[in-house]
Amino acid sequence: MARILITSALPYINGIKHLGNLVGSQLPADLYARYCRARGHEVMFICATDEHGTPAELAAAKAGKPVAQYCAEMHSVQTELANGFKLSFDHYGRSSSARNHTLTQHLAARLAAAGLIEEVAEKQVYSNADGRFLPDRYIEGTCPNCGYERARGDQCENCTKQLDPIDLINPRSAISGSTDLEVRDTKHLFLRQSKLRDTLDQWIDSQQGWPVLTTSIAKKWLHDGDGLQDRGITRDLDWGVPVQFDGAPWQGMDGKVFYVWFDAPIEYIAATAEWADAQGLDDSAWQRWWREDMGADDVRYVQFMGKDNVPFHTLSFPATLMGANFDKSEPWKLVDYIKSFNYLNYDGGQFSTSLGRGVFMDQALSILPADYWRWWLLSHAPENNDSEFTWENFQASVNKDLADVLGNLVSRVTKFCRSKFGEVVPEGGALGAREAQLVDDLAKGLDSYQKVMDAMMVRRSAQDLRALWVLGNEYLQEAAPWSTFKTDPESAAAQIRLSLNLIRFYAVISQPFIPDAAARVMEAINCDDWSWPDDVASALNMLPAGHAFTVPEVLFAKITDDQRAEWEAQFSGQT
RNA sequence: GGGCCUGUAGCUCAAUUGGUUAGAGCAGAGCGCUCAUAACGCUUUGGUUGGGGGUUCGAGUCCCUCCGGGCCUACCA
């Protein structure tokens with residue numbers, strides 16, 4: 001039994017996430033967490049909402065609510081959706097929590113003590129009308145390079161040239177449209193991560209088997225141009241973790257908060273502390289996951305994220321934790337494996353929140369059960385390339401895999417048994433060569449499934465699982481208990497007894513992918529023993545003769561052509 | 001501009017890192033079964049591995065070049 005710490009990239013607070021966000025981090029993380037628990041490992045699975053930053057403030061303003069209230073409400077909405085998708089977080093925290101405030105400030109002070117914080121004087125655009133400093137991309141104007149009139153202050157979307165906001169012609173606030181802008185002096189704290197470049201480089205080199213996507217992005221940032229750049233970790237905002245606090249090792253930072261990308265990953269740790277608080281446990285309960293000097297030395301830490309998050313998780317966050325341990329007194333647990341994902345597109349384009357294009361988490365659950373989405377998304381996870389959601393593919397995959405291959409198998413076995421033997425596991429008969437063959441095939445298939453699940457090969461795992469389901473249909477076809485029954489009812493009884501056990505076997509091993517359906521199957525066959533089938537033969541002997549069960553309702557209703565057409569129109573975003 | 005990823009059957013993807021005849025699922029065709037959600041099983045059609053050149057006994061895999069798709073490029077998060 002191992003101890004496995006799993007974190008999913010934090011979903012941002014300013015709205016409901018779409019399926020692309022879900023499949024890029026939370027869903028595969030949940031798959032892995034469920035699998036690890038099922039194998040008997042001790043798991044801590046952490047996620048949280050990422051609540052700070054300009055977009056949160058703007059979204060709150062748009063909703064006409066104080067930002068704290070807005071975030072609290074959106075957090076509960078996202079919590080509900082996470083529950084709806086059966087994301088099995090041990091804790092779903094908030095980056096705005098008191099725990100994160102304290103820890104973020106503590107780590108910043110440690111970095112200062114390490115000489116890794118630098119105060120930098122800057123000039124930044126202030127909007128009088130909006131009463132706030134504007135991040136570069138919230139300033140719009142005419143591109144000095146190509147004349148595009150809606151260029152953003154960081155980059156022109158038209159000619160892709162990198163810009164400085166002061167280069168823009170006729171600059172205006174992207175928030176209010178106001179042109180009443182001025183350049184003000186301000187100062188910010190910078191994380192001197194350039195000093196850790198070689199350390200980070202060696203650390204990444206020492207990691208085994210990370211996805212190319214992960215290492216290539218990290219290497220790019222480490223070695224591109226002048227190498228890893230220092231990074232501002234504070235912002236002139238109201239909502240966030242205050243930079244000025246009791247005992248802060250710097251002065252004159254009033255009214256500033258830490259940049260969301262500094263405090264967000266720290267929330268992984270803080271959320272674990274929130275978990276301990278919620279459980280009524282003391283600090284040692286979370287420290288044994290995060291402090292190598294307090295019991296975390298045997299923890300394996302795995303992170304899941306979309307590719308846009310990789311730089312922060314391979315560089316900034318490790319730099320923060322390494323820096324905080326400058327005197328060897330705070331050995332924080334660093335990540336052991338980073339599983340990163342490409343993007344999911346929607347029917348020939350990108351998901352778009354602003355255009356209402358694509359399927360969002362709340363909409364998805366309103367039209368179909370979570371398992372449908374979990375299965376399709378995981379079996380098509382964008383591991384090597386961006387992948388694409390189409391309704392046609394979704395319908396075909398779900399109907400074939402879930403309804404026909406698995407659902408129908410459950411149906412045909414339980415209904416046959418009911419009609420010939422009643423709703424009870426039949427007794428008598430003996431297993432023969434074909435049954436031994438099945439056990440052998442299942443053992444081989446299960447071994448492969450476990451290997452790819454251990455390796456977090458998501459699509460491959462779905463394929464292997466499906467292949468295991470198929471073995472059941474093949475067996476049934478050959479054993480043909482409906483024929484056997486006519487001449488040798490005892491043998492048919494043995495075959496069906498095995499088949500009913502096979503259904504439990506499938507529920508247990510499929511649970512990480514489709515937890516609701518698995519639970520329904522277990523309920524129907526009246527079994528609550530979810531123990532992993534380490535030995536296939538004995539796992540298929542678990543439900544004894546005489547054990548009562550009920551025939552479950554149709555596990556997966558098929559998606560009809562009419563439904564597909566309706567949804568296709570509904571979510572096209574061209575209303 | 002720079003960097004990285006990618007292009008394999010109509011569709012979605014494999015191919016143990018250079019090694020026999022490039023494999024699966026879906027879709028299509030044929031047969032079988034009749035327990036089951038018109039489900040299941042078996043058989044089968046289908047590829048000049050984006051184009052071209054090169055290295056090698058041998059290339060989907062390595063090199064060059066051209067074409068196409070995507071991502072990142074540090075103040076959205």
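Convention: sequence-line order gives letters A, B, ...; per-chain numbering from 1.
- With sequence neighbours excluded, the residues that form a ring-ring contact (aromatic ring centres under 6.0 Å, His included) with A:Phe133 are A:Tyr126.
- Atom CD of A:Glu523 is surrounded by 12 or fewer heavy atoms from other residues, nucleotides or ligands within 6.0 Å.
- Side-chain atoms of A:Arg459 lie closest to B:rC13 of the nucleotides B:rC13, B:rG41, B:rC72.
- Listed pair A:Tyr259 / B:rC76 fails the phosphate criterion, with no side-chain N or O lying under 4.0 Å from OP1 or OP2.
- Following rounding to the nearest Å, A:Asn345 (CG) and B:rC11 (C1') show an atom-to-atom distance of 17 Å.
- Heavy atoms of A:Tyr343 sit under 4.0 angstrom from primed sugar atoms or phosphate atoms, though from no base atom.
- For A:Lys558 and B:rA38, the shortest distance from a side-chain N or O to OP1 or OP2 is not below 4.0 Å.
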Stepwise salt bridge (charged side-chain N to carboxylate O under 4.0 Å, His left out) check, A:Lys558 with A:Asp404 | CA-CA 9 Å; A:Lys558 290 196 190 189; A:Asp404 294 346; 2.7 Å; yes
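- Relative orientation of the A:Phe394 and A:Phe389 rings is tilted, given thresholds of 30° and 60° on the angle between their planes.
- Candidate nucleotides B:rC11, B:rG25, B:rG41 were compared by shortest atom distance to the side chain of A:Asn393, and B:rC11 ranks first.
- For the pair A:Ile559 CD1 and B:rA38 C1', the interatomic distance rounds to 18 Å; values are reported in whole Å.
- Regarding A:Ile217, its CD1 atom lies at a distance of 13 Å from the C1' atom of B:rA74, rounded to whole Å.
- B:rU17 has its base syn relative to the sugar, with a glycosidic angle deviating from 0 by at most 90°.
- Taking a 6.0 Å sphere around CD of A:Glu182, one finds it holds more than 12 heavy atoms contributed by other residues, nucleotides or ligands.
- Closest to the side chain of A:Leu555, out of B:rC33, B:rU37, B:rA77, is B:rU37.
- Between A:Ser340 and the options A:Thr214, A:Thr314, A:Thr215, A:Asn309, a side chain to side chain donor-acceptor pair (under 3.5 Å) holds for only A:Thr214.
- Considering only the side chain of A:Trp482, B:rC33 comes nearest among B:rC33, B:rC76, B:rC13.
- Counting heavy atoms from C-beta outward, A:Leu31 and A:Phe513 have side chains that approach closer than 4.5 Å.
- Counting only Watson-Crick or G-U wobble pairs whose defining distances are both under 3.5 Å, the stems of 3 or more consecutive pairs in RNA chain B are B:1-7 with B:67-73, B:10-13 with B:23-26, B:28-32 with B:40-44, B:50-54 with B:62-66.
- Rounded to a whole Å, the CG atom of A:Leu476 is 10 Å from the P atom of B:rG41.
- A heavy atom closer than 4.0 Å to some atom of RNA chain B occurs in A:Asp308, A:Phe312, these being the qualifying members of residues 308-315 of chain A.
- Taking the 5.5 Å centre cut-off and the 30° plane limit, the aromatic side chain of A:Phe416 is not classed as stacked on B:rC35.
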List the steps and the verdict of side chain to side chain contact (heavy atoms under 4.5 Å, CB included) for A:Phe312 and A:Arg231.
-> CA-CA 11 Å; A:Phe312 304 97; A:Arg231 201 175 169 95; 3.0 Å; yes
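- Residues satisfying the side chain to side chain contact (heavy atoms under 4.5 Å, CB included) criterion with A:Glu478, sequence neighbours excluded, are A:Arg434.
- Within a 6.0 Å sphere centred on CD of A:Gln229, heavy atoms belonging to other residues, nucleotides or ligands number more than 12.
- The separation between A:Gln477 atom CD and B:rC31 atom P is 16 Å, rounded to whole Å.
- Less than 4.0 Å separates RNA chain B from at least one heavy atom of each of the following residues of residues 400-412 of chain A: A:Lys400, A:Ala403, A:Asp404, A:Gly407, A:Asn408, A:Ser411, A:Arg412.
- Contact annotation: A:Arg466 reaches the phosphate of B:rC26 (side-chain N/O to OP1 or OP2, under 4.0 Å).
- Rounded to an integer number of Å, the gap from CD of A:Glu474 to C1' of B:rC40 is 10 Å.
- Residue A:Trp261 places its side chain closer to B:rA77 than to any other of B:rU37, B:rC33, B:rA77.
- Considering every non-hydrogen atom in both A:Val257 and A:Val243, the closest pair reads C-CG2, 3.3 Å.
- Of the residues in residues 227-236 of chain A, A:Gly227, A:Leu228, A:Gln229, A:Arg231, A:Arg235 come within less than 4.0 Å of RNA chain B through at least one heavy atom, sorted by number.
- Across all strands shown, A:Val554 has heavy atoms under 4.0 Å from base atoms, whether or not it also approaches the sugar-phosphate.
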